[in-house]
Amino acid sequence: MTIGEALKEDQDKLGLTEEKMVQGIMSKSAYSRVIHNERNISSKALVKILFKNGIDIITFFSKIEDTYLSESSNLEKKLSCAIGEAVNNHEVDKVKLYYRIIVNSDVSSYLFFQEKIIGKKAINMS
């Protein structure tokens with residue numbers, strides 16, 4: 001989901017017109033181009049819109065992160081969640097699988113070493 005799509009979704013949930021959504025921040029026409037992905041929005045204007053309308057920033061950014069994260073960051077996020085879940089559920093075979101994927105992937109050194117430790121423990125558990 002793009003920033004524009006997320007803004008439009010929140011606007012609709014709040015039952016606001018475009019004008020009310022951005023009143024005092026930017027013009028209705030500029031905002032319309034943002035929600036139709038025809039124009040970028042400044043970070044300052046985005047934050048002002050979110051605060052003005054009581055939109056939770058963390059929730060907002062979680063909706064758009066898959067669109068703007070790099071492919072390797074998306075992979076890293078998914079692998080980190082998957083291996084964490086496998087460890088919590090004591091699924092040794094899944095931990096081993098994710099460990100092999102991480103070892104053969106382009107992920108951050110932090111995740112690589114974290115999963116290397118977990119993977120070795122899982123291998124020793126079996």
Side-chain angles (χ1 to χ4, degrees):
M1 176 177 287
T2 65
I3 290 171
E5 292 165 341
L7 283 168
K8 179 63 175 157
E9 180 180 272
D10 286 335
Q11 175 193 328
D12 291 344
K13 281 182 187 174
L14 294 167
L16 299 172
T17 64
E18 290 179 4
E19 191 171 5
K20 289 284 184 189
M21 184 77 166
V22 298
Q23 191 171 23
I25 300 169
M26 66 190 318
S27 71
K28 177 187 166 205
S29 63
Y31 175 70
S32 180
R33 289 192 308 273
V34 169
I35 62 174
H36 291 100
N37 299 311
E38 298 168 358
R39 173 194 166 153
N40 290 326
I41 186 170
S42 73
S43 56
K44 184 177 181 179
L46 176 60
V47 170
K48 283 183 174 185
I49 292 169
L50 297 178
F51 283 159
K52 175 188 180 297
N53 294 293
I55 299 168
D56 182 72
I57 289 178
I58 294 171
T59 303
F60 184 86
F61 278 96
S62 70
K63 287 194 278 188
I64 65 169
E65 71 181 336
D66 287 345
T67 302
Y68 298 99
L69 277 178
S70 67
E71 189 175 316
S72 64
S73 293
N74 265 326
L75 173 64
E76 187 172 320
K77 178 183 154 199
K78 289 175 184 173
L79 285 171
S80 182
C81 290
I83 200 162
E85 185 176 317
V87 168
N88 288 338
N89 293 328
H90 306 286
E91 298 171 310
V92 176
D93 289 337
K94 282 187 178 180
V95 172
K96 289 179 186 179
L97 170 67
Y98 297 136
Y99 169 74
R100 285 192 299 273
I101 292 170
I102 289 168
V103 167
N104 295 311
S105 299
D106 181 27
V107 295
S108 74
S109 57
Y110 171 77
L111 181 63
F112 176 78
F113 288 117
Q114 177 186 10
E115 306 313 340
K116 193 170 185 176
I117 292 166
I118 292 170
K120 283 184 180 181
K121 287 182 180 179
I123 291 167
N124 292 334
M125 290 170 50
S126 56

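Any value given below was found using the heavy atoms of this structure, including those in side chains, with hydrogens, waters and symmetry copies removed. Since the model is a prediction, treat every value here as computed from it, not as a measurement.
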Side-chain hydrophobic cluster, 4.5 Å single linkage: members besides Leu14: Ile3, Leu7, Leu16, Met21, Val22, Ile25, Met26, Tyr31, Val34, Ile35, Ile41, Leu46, Val47, Ile49, Leu50, Phe51, Ile55, Ile57, Phe60, Phe61, Ile64, Tyr68
Lys48 side chain near Lys44 side chain, heavy-atom distance below 4.5 Å: yes
CD/Glu65: more than 12 non-hydrogen atoms of other groups inside 6.0 Å: yes
Closest non-hydrogen atom pair between Ala6 and Lys63, with its separation: O-NZ, 4.0 Å
Criterion side chain to side chain contact (heavy atoms under 4.5 Å, CB included) on Asp12 and Lys8, from CA distance to verdict: CA-CA 6 Å; Asp12 291 344; Lys8 179 63 175 157; 3.1 Å; yes
CG/Asn37: more than 12 non-hydrogen atoms of other groups inside 6.0 Å: yes
Straight-line distance of Thr2 OG1 to His36 NE2, nearest 0.5 Å: 10.5 Å
Lys96 side chain reached by Val92 side chain, heavy atoms, under 4.5 Å: yes
Verdict with supporting geometry, Gln23 and Lys52, side chain to side chain contact (heavy atoms under 4.5 Å, CB included): CA-CA 9 Å; Gln23 191 171 23; Lys52 175 188 180 297; 4.2 Å; yes
Pairwise distance OG(Ser32) to CZ(Arg39) - rounded to 0.5 angstrom: 11.0 Å
Which atom of Met1 lies closest to which atom of Glu9, heavy atoms considered: CE-OE1, 3.3 Å
